[in-house]
**Student:** 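Here you go, one structure.
Position 1 is the first residue of the sequence; numbering continues from there. Both counts, for ligands and for their atoms, begin at 1 and track the order of listing. Fair warning: this is a prediction, and the values are worked out from it, not measured in the lab.
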Amino acid sequence: MACLLIKELFSLPADSREVTVCGWVRTKREMKNLVFVEMNDGSCFAGIQCTFDRSREGLDGETETALSSLSTGASAEIRGRLVPSPASGQAVEVAAETLTVIGEAPAETYPLQKKRHSLEFLREIAHLRARTNTFGAVGRVRSRLAFAVHEFFQSRGFQYVHTPIITTNDAEGAGAMFQVTSLDLNALPRTEGGPVDYAGDFFGKRAFLTVSGQLEAETYATALSRVYTFGPTFRAENSNTTRHLAEFWMIEPEMAFAHLPDNMALAEDFLKFLFTVILKDCAEDLAFFDTRVEKGIIETLRSVAESSFAHITYTGAIKELEKNASAFEFKPFWGCDLQSEHEKFLTEKVAGGPVIVTDYPREIKAFYMKQNDDGRTVRAMDVLVPRLGEIIGGSEREDNLENLENRMAGLGMDKGLYSWYLDLRRYGTVPHAGFGLGFERLIQYVTGMANIRDVIPYPRAVGQAEF
Ligand code: 4AD
Ligand code: MG
């Protein structure tokens with residue numbers, strides 16, 4: 001008899017059918033003739049209770065021996081019959097007959113005991129933390145959301161593009177890139193003037209890990225009309241915060257024949273779709289986050305999914321912030337980058353929910369954004385949400401060759417490196433727009449998890465690359 005997932009067992013009628021449960025022991029409790037073993041296999045939040053009744057039929061010797069040494073964390077196979085459960089909160093349980101321990105987990109050294117562990121401690125044992133309630137739930141939510149991303153775009157005519165991970169350009173122009181090289185760092189070849197000679201490097205020039213797949217996505221959007229990428233991106237910013245990772249996953253849709261309002265509408269529809277899916281398909285996990293991590297998260301997601309996002313221009317936002325200048329450590333002024341305290345104020349106090357801020361000053365945004373006629377702002381949009389601040393960043397793209405060339409020249413960018421990107425404006429240019437959603441920030445938002453390092457299996461951040 002093959003073992004079914006516990007999730008599948010829960011969907012079966014309690015008709016005394018024979019079942020096999022395979023998983024890891026969460027708890028074992030003994031009461032007179034009864035031994036209760038809770039088994040979990042991560043297929044769903046709940047474990048299944050397996051009850052061994054010594055008075056009913058007597059257990060075989062092997063099972064008795066296995067039961068006496070059974071401890072939390074051991075892997076085991078339990079056979080029995082699926083019966084209605086007298087315990088509250090579960091419809092079925094297993095009237096267990098035999099137990100086989102597959103792998104023991106000595107109680108003296110197994111790090112995950114029954115007590116609650118701190119998230120900091122669990123980060124140190126990230127290879128085992130998926131076996132806890134919290135990280136099991138995060139893992140399932142993450143998986144379901146990743147699939148939902150594809151469902152959303154595929155059902156709207158967007159094609160999935162695999163943009164490169166190794167690149168020779170800096171899409172965001174922020175200069176926070178990890179370099180990729182096969183040169184021997186202890187014996188670097190040098191040109192006459194002294195700088196490193198990359199001609200002998202693997203790619204014949206300096207290469208990096210990408211910070212964004214956007215520029216390449218644009219090349220496909222101006223051929224396939226609607227595309228999206230969904231892949232890992234890398235940033236070597238020295239930001240030791242609860243919202244930054246050095247390696248994170250980003251979803252970047254790009255649409256041809258589209259302007260900023262189309263982009264804003266897409267971002268809003270996309271987030272609402274994701275919230276709706278997760279409310280429906282991860283209800284049990286969300287109930288856990290709602291009671292144990294972020295009170296009221298279910299209600300928040302539900303109401304956000306049903307209401308319209310607020311819109312405000314950057315200039316309007318600065319006015320709101322200046323009215324309350326005394327509330328901020330960093331005094332807001334036109335031209336400043338919005339700080340997290342500003343974003344928090346805008347979402348929590350001004351909008352009372354998600355807000356899309358548009359038309360930022362050109363000087364604080366990337367080179368590719370479409371310039372407004374006022375000569376000082378660009379058609380940028382950031383979607384801000386309570387607790388986290390920026391969750392999406394995007395824009396309409398500069399589709400005018402001359403404007404783009406001037407902007408790049410102003411920033412001192414190497415035009416030669418981007419000639420292929422400029423070709424999109426040379427040959428059949430179209431208005432187009434897109435954005436990037438940080439996948440981990442999305443997961444933080446829907447789960448309420450405070451630290452971004454706890455929503456990705458193995459976080460990479462300043463000073464952290466274990467496992
Ligand atoms: O605002 P960003 O830098 O925009 C871009 O990269 C554009 N190329 C996107 C586009 O228009 N196609 O990043 C987009 C999002 C942010 O809003 C944030 O959610 C997330 O990516 N993000 C990070 N997430 C985790 N750790 C970091 N270090 C992040 N940096 C950005
Ligand atoms: Mg941004």
Side-chain angles (χ1 to χ4, degrees), residues 145 149 153 158 161 163 167 169-178 209-221 226-255 258 260 262-264 266-267 270-271 274 314 337-340 342-343 347 354-358 360-361 364-370 378-385 387-398 421 432-446 449 451-456 459-462 464:
L145 282 173
V149 165
F153 288 117
F158 285 73
V161 187
T163 50
T167 178
N169 58 64
D170 182 355
E172 291 303 300
M177 301 180 86
F178 289 101
L209 293 177
T210 191
V211 294
S212 158
Q214 178 196 321
L215 304 192
E216 292 87 355
E218 282 185 53
T219 68
Y220 268 67
R226 291 186 204 165
V227 302
Y228 67 105
T229 73
F230 182 6
T233 47
F234 309 86
R235 298 201 183 176
E237 319 160 282
N238 199 351
S239 322
N240 210 344
T241 78
T242 55
R243 306 179 308 140
H244 288 90
L245 289 168
E247 175 181 294
F248 64 99
W249 288 66
M250 184 158 44
I251 299 123
E252 296 181 275
E254 193 69 33
M255 294 178 285
L260 188 64
D262 307 306
N263 209 24
M264 294 161 72
L266 182 73
F270 182 37
L271 288 176
L274 297 173
Y314 170 89
D337 235 332
L338 295 183
Q339 309 295 309
S340 33
H342 302 152
E343 296 180 339
T347 53
V355 56
I356 311 185
V357 182
T358 61
Y360 283 74
I364 59 171
K365 287 294 184 186
F367 74 97
Y368 51 71
M369 295 192 180
K370 183 164 180 68
V378 286
R379 305 240 77 192
M381 62 166 214
D382 276 6
V383 180
L384 313 180
V385 294
R387 283 203 323 270
L388 287 177
E390 181 188 340
I391 189 167
I392 283 180
S395 75
E396 184 170 337
R397 319 305 188 189
E398 184 54 79
Y421 186 69
H432 61 291
F435 62 80
L437 168 67
F439 191 51
E440 285 74 23
R441 294 218 183 143
L442 167 74
I443 300 167
Q444 275 190 283
Y445 185 66
V446 304
M449 293 295 287
N451 195 320
I452 198 165
R453 297 171 200 214
D454 296 330
V455 295
I456 188 165
R460 271 80 181 93
V462 185
Q464 183 176 32

**Student:** For Arg243, does its backbone N or O pair with a side-chain atom of Thr241 as donor and acceptor, under 3.5 Å?
**Tutor:**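 A pair under 3.5 Å: yes.
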**Student:** Does a side-chain heavy-atom distance below 4.5 Å link Val383 with Leu437?
**Tutor:**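 No - every pair of side-chain heavy atoms lies 4.5 Å or more apart.
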**Student:** To the nearest 0.5 Å, what is the distance between CG on Leu245 and CD1 on Ile452?
**Tutor:**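 The CD1 atom of Ile452 is 4.0 Å from CG of Leu245, to the nearest 0.5 Å.
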**Student:** Which ligand 1 atoms does Arg243 reach within 4.0 Å, using its non-hydrogen atoms?
**Tutor:**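 Contacts of ligand 1 toward Arg243, numbered from 1: 25 (C), 26 (N).
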**Student:** Specify the closest pair of heavy atoms between Glu252 and Gly213, including all atoms of both residues, with the distance to one decimal.
**Tutor:**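 What the structure gives for the nearest pair is OE1-N, 2.7 Å.
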**Student:** Taking only heavy atoms of Gly394, which atoms of ligand 1 are found under 4.0 Å from at least one of them?
**Tutor:**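 Heavy-atom distances to Gly394 below 4.0 Å select 11 (O).
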**Student:** Within the side chain of Glu216, is there an N or O that forms a donor-acceptor pair under 3.5 Å with the backbone of Gln214?
**Tutor:**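 Flag not set: sc Glu216 to bb Gln214 has no pair under 3.5 Å.
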**Student:** Report yes or no: do Glu218 and Tyr368 form a side-chain donor-acceptor pair below 3.5 Å?
**Tutor:**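 There is no such pair (donor and acceptor under 3.5 Å, judged by atom type) between the side chains of Glu218 and Tyr368.
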**Student:** I'd like to check which ligand 1 atoms, numbered from 1 as shown, lie under 4.0 Å from a non-hydrogen atom of Gly393.
**Tutor:**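 Near Gly393, meaning under 4.0 Å from one of its heavy atoms, ligand 1 has 1 (O), 9 (C), 10 (C), 11 (O), 17 (O).
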**Student:** Which is it for Arg235 and ligand 1 at heavy atoms under 4.0 Å: side chain, backbone, both or neither?
**Tutor:**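 The side chain, only.
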**Student:** Side chain, backbone, both or neither: which part of Phe248 has a heavy atom under 4.0 Å from ligand 1?
**Tutor:**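 Phe248 to ligand 1: side-chain contact only, backbone stays beyond 4.0 Å.
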**Student:** Identify the closest protein heavy atom to atom 26 (N) of ligand 1: which residue and atom is it, and at what distance?
**Tutor:**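 Result for atom 26 (N) of ligand 1: Leu245 N, 2.9 Å.
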**Student:** Give a yes/no on ligand 1: does Arg397 have at least one heavy atom closer than 4.0 angstrom to it?
**Tutor:**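 Yes.
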**Student:** Establish, from distance only, whether the side-chain atoms of Gln444 and Glu440 form a donor-acceptor pair under 3.5 Å.
**Tutor:**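 Looking only at side-chain atoms, Glu440 and Gln444 do not form any donor-acceptor pair under 3.5 Å.
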**Student:** Would you say Tyr368 contacts ligand 1, with heavy atoms under 4.0 Å as the rule?
**Tutor:**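 Heavy atoms of Tyr368 do come under 4.0 Å of ligand 1.
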**Student:** Tell me, which protein residue and heavy-atom name are nearest atom 18 (C) of ligand 1, and how many Å apart are they?
**Tutor:**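 Minimum-distance protein heavy atom for atom 18 (C) of ligand 1 reads Arg441 NH1, 3.4 Å.
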**Student:** Find all atoms of ligand 1 within a distance of less than 4.0 Å from any non-hydrogen atom belonging to Glu252, and give their numbers and elements.
**Tutor:**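 Those atoms are 7 (C), 8 (N), 9 (C), 10 (C), 12 (N).
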**Student:** Do any of the N, O or S atoms of Asp382 sit under 2.8 Å from the Mg ion (ligand 2)?
**Tutor:**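 No - counting backbone and side chain alike, Asp382 has no N, O or S atom under 2.8 Å.
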**Student:** Heavy-atom contacts with Met250 under 4.0 Å: which atoms of ligand 1 show up? List them by number with element.
**Tutor:**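 Checking each atom against Met250, I get 6 (O), 13 (O), 14 (C), 15 (C), 21 (O).
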**Student:** Starting from atom 5 (C) of ligand 1, what is the nearest protein heavy atom, named by residue and atom, and what distance separates them?
**Tutor:**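 In this structure, atom 5 (C) of ligand 1 has Glu172 OE2, 3.4 Å as its nearest protein heavy atom.
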**Student:** Under 4.0 Å from a heavy atom of Gly438: give me the atoms of ligand 1 that qualify, with their elements.
**Tutor:**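 Contacts of ligand 1 toward Gly438, numbered from 1: 15 (C), 19 (O), 20 (C), 21 (O).
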**Student:** Tell me the protein heavy atom at minimum distance from atom 1 (O) of ligand 1, and give that distance in Å.
**Tutor:**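 Scanning the protein heavy atoms, the shortest distance from atom 1 (O) of ligand 1 goes to Glu390 OE2, 3.0 Å.
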**Student:** With heavy-atom distances below 4.5 Å as the criterion, would you say the side chains of His342 and Leu384 are in contact?
**Tutor:**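 Side chain of His342 against side chain of Leu384, heavy atoms only: no contact under 4.5 Å found.
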**Student:** Given side chains that start at C-beta, do those of Phe270 and Tyr228 come closer than 4.5 Å, heavy atoms only?
**Tutor:**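 Not in contact.
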**Student:** Considering only non-hydrogen protein atoms, determine which one is nearest to atom 15 (C) of ligand 1 and report residue, atom name and distance to 0.1 Å.
**Tutor:**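 The closest one turns out to be Gly436 O, 3.6 Å.
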**Student:** Less than 4.5 Å apart, any side-chain heavy atom of Ile392 and any of Met381?
**Tutor:**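 Yes; the side chains approach each other to less than 4.5 Å.
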**Student:** Contact between Glu237 and ligand 1, counting heavy atoms under 4.0 Å?
**Tutor:**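 Yes, Glu237 has a heavy atom closer than 4.0 Å to ligand 1.
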**Student:** Can you check whether Ala174's main-chain N or O pairs, donor with acceptor, with Asp170's side chain at less than 3.5 Å?
**Tutor:**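 Confirmed, Asp170 side chain pairs with Ala174 backbone.
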**Student:** Judged by non-hydrogen atoms, does Gly434 sit under 4.0 Å from ligand 1?
**Tutor:**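 Yes, Gly434 has a heavy atom closer than 4.0 Å to ligand 1.
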**Student:** Go through Phe435 and Asp382 one step at a time and tell me if the side-chain contact (heavy atoms from CB on, under 4.5 Å) criterion holds.
**Tutor:** CA-CA 9 Å; Phe435 62 80; Asp382 276 6; over 6 Å; no
**Student:** So, 4.0 Å and heavy atoms of Glu254: is ligand 1 close enough to count as a contact?
**Tutor:**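 Distance cut 4.0 Å: Glu254 fails for ligand 1.
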**Student:** If only atom types and distance count, is the side chain of Thr233 paired as donor or acceptor with the main-chain N or O of Phe248 below 3.5 Å?
**Tutor:**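 Checking the backbone N and O of Phe248 against the side chain of Thr233, a donor-acceptor pair under 3.5 Å is found.
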**Student:** Run the ring-centre check on Phe178 versus Phe234 and record whether the distance is less than 6.0 Å.
**Tutor:**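 Aromatic pair excluded; centres sit 6.0 Å or further apart.
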**Student:** Would you name the N/O/S atom of Glu390 that lies closest to the Mg ion (ligand 2)?
**Tutor:**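 Sorting the N, O and S atoms of Glu390 by distance to the Mg ion (ligand 2) puts OE2 first.
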**Student:** Does any N or O of ligand 1 fall below 3.5 Å from an N or O anywhere on Ser395, backbone included?
**Tutor:**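 For ligand 1, there is no N or O atom that lies under 3.5 Å from one belonging to Ser395.
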**Student:** Could you tell me if any non-hydrogen atom of Ile452 lies under 4.0 Å from any atom of ligand 1?
**Tutor:**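 A heavy atom of Ile452 does come that close to ligand 1.
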**Student:** Where's the contact between Ile391 and ligand 1, heavy-atom distance under 4.0 Å: side chain, backbone, both or neither?
**Tutor:**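 For Ile391, only backbone atoms sit under 4.0 Å from ligand 1.
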